[in-house]
Amino acid sequence: MFEKKDIIFSETLGVCQVAELTRLSAKNGEQVMYYGLKSIEDKKKVSYIPVENHQVQLRPLITYDEAKQLEQGDQAQLSDLQKKEIQYVLTYKR
C-alpha cells in the first residue's frame, strides 16, 4: 500500500503523487478506500483509484540506476509516460 505524499507511477497518469487516501461510497453503499493521485506534470489531473482490486497498474518509481540503463537503451518500446518517468528519476532522484 502506498502512503500519502509517495511519488509513484500510474499507467494512466505517469509520475504522480499520492495526494490523499480517502473513503468513497461504492454503488452498494459500502465505503471503499481510494488513492487520490495528482499528476506531477499536470497538477490539474487528478485520479481516484481503489486501493484494492484496481485495474490500473500502480508501482513505485524505477530506481536511478534503472533509469540510466533505460535512457541508454532502445526507448522505441517505451510509452511517453515511461520516458517522462525516466527523465523525472534522472532529474530528481539522485
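Keep in mind it's a predicted model, so treat the numbers as computed, not measured.
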Joint hydrophobic cluster, L24 plus V18, side-chain heavy atoms closer than 4.5 Å:
no

I need the minimum non-hydrogen distance between T91 and Q87, along with the two atoms involved.
OG1-O, 2.7 Å

For residues E85 and I62, report the shortest heavy-atom separation together with the two atoms involved.
OE2-N, 3.1 Å

Hey, what do you get for OH (Y34) to CD1 (I49), rounding to the nearest 0.5 Å?
9.0 Å

Test: E20 and K4 ion pair at under 4.0 Å
no

Is the distance from the ring center of Y35 to that of F2 below 6.0 Å?
yes

Apply side-chain contact (heavy atoms from CB on, under 4.5 Å) to residues L81 and T12 and explain how you reach the verdict.
CA-CA 8 Å; L81 293 177; T12 56; 5.9 Å; no

same_hphob_cluster(V15, V56) at 4.5 Å side-chain heavy-atom cutoff:
no

So which atom in E66 and which in T63 form the shortest heavy-atom distance, rounded to 0.1 Å?
OE1-N, 2.7 Å

Quick one: closest heavy-atom pair of S39 and L13, and the distance?
OG-O, 4.1 Å

State the CD1-CD distance between I8 and E3, to the nearest 0.5 angstrom.
11.0 Å

More than 12 heavy atoms of other residues, nucleotides or ligands under 6.0 Å from OH of Y92: yes or no?
no

Counting only heavy atoms not in Q57 (residues, nucleotides, ligands), do more than 12 fall under 6.0 Å from its CD?
yes

Pair R23 + E30: basic N to acidic O under 4.0 Å
no

Check this for me: N53, atom CG, are more than 12 non-hydrogen atoms of other residues, nucleotides or ligands nearer than 6.0 Å?
no

Do the side chains of Q75 and E71 get nearer than 4.5 Å, heavy atoms only?
yes

Do L78 and I40 belong together in a cluster built from hydrophobic side chains that touch within less than 4.5 Å?
yes

Taking every non-hydrogen atom, the tightest pair across S10 and L37
CB-CD1, 4.4 Å

Smallest separation among heavy atoms of Q55 and E11, with atom names:
O-OE2, 3.6 Å

Is there a side-chain contact (heavy atoms from CB on, under 4.5 Å) between V51 and M1 once you walk through the steps?
CA-CA 7 Å; V51 170; M1 184 168 158; 4.1 Å; yes

Surrounding CD of Q31 (heavy atoms of other residues, nucleotides or ligands, distance under 6.0 Å), is the total greater than 12?
yes

Co-membership, hydrophobic cluster, residues L58 and M33, 4.5 Å side-chain:
yes

I'd like to know whether CD of Q69 has more than 12 heavy-atom contacts from other residues, nucleotides or ligands below 6.0 angstrom.
no

Are Y88 and L61 close enough, and set up right, to give a side-chain contact (heavy atoms from CB on, under 4.5 Å), and what steps lead you there?
CA-CA 9 Å; Y88 179 86; L61 292 180; 3.7 Å; yes

Under 6.0 Å from the NZ atom of K45, do we count more than 12 heavy atoms belonging to anything else shown?
no

Yes or no on side-chain contact (heavy atoms from CB on, under 4.5 Å) for L70 and I86, after CA distance, side-chain angles and deciding distance?
CA-CA 7 Å; L70 288 168; I86 292 167; 3.6 Å; yes

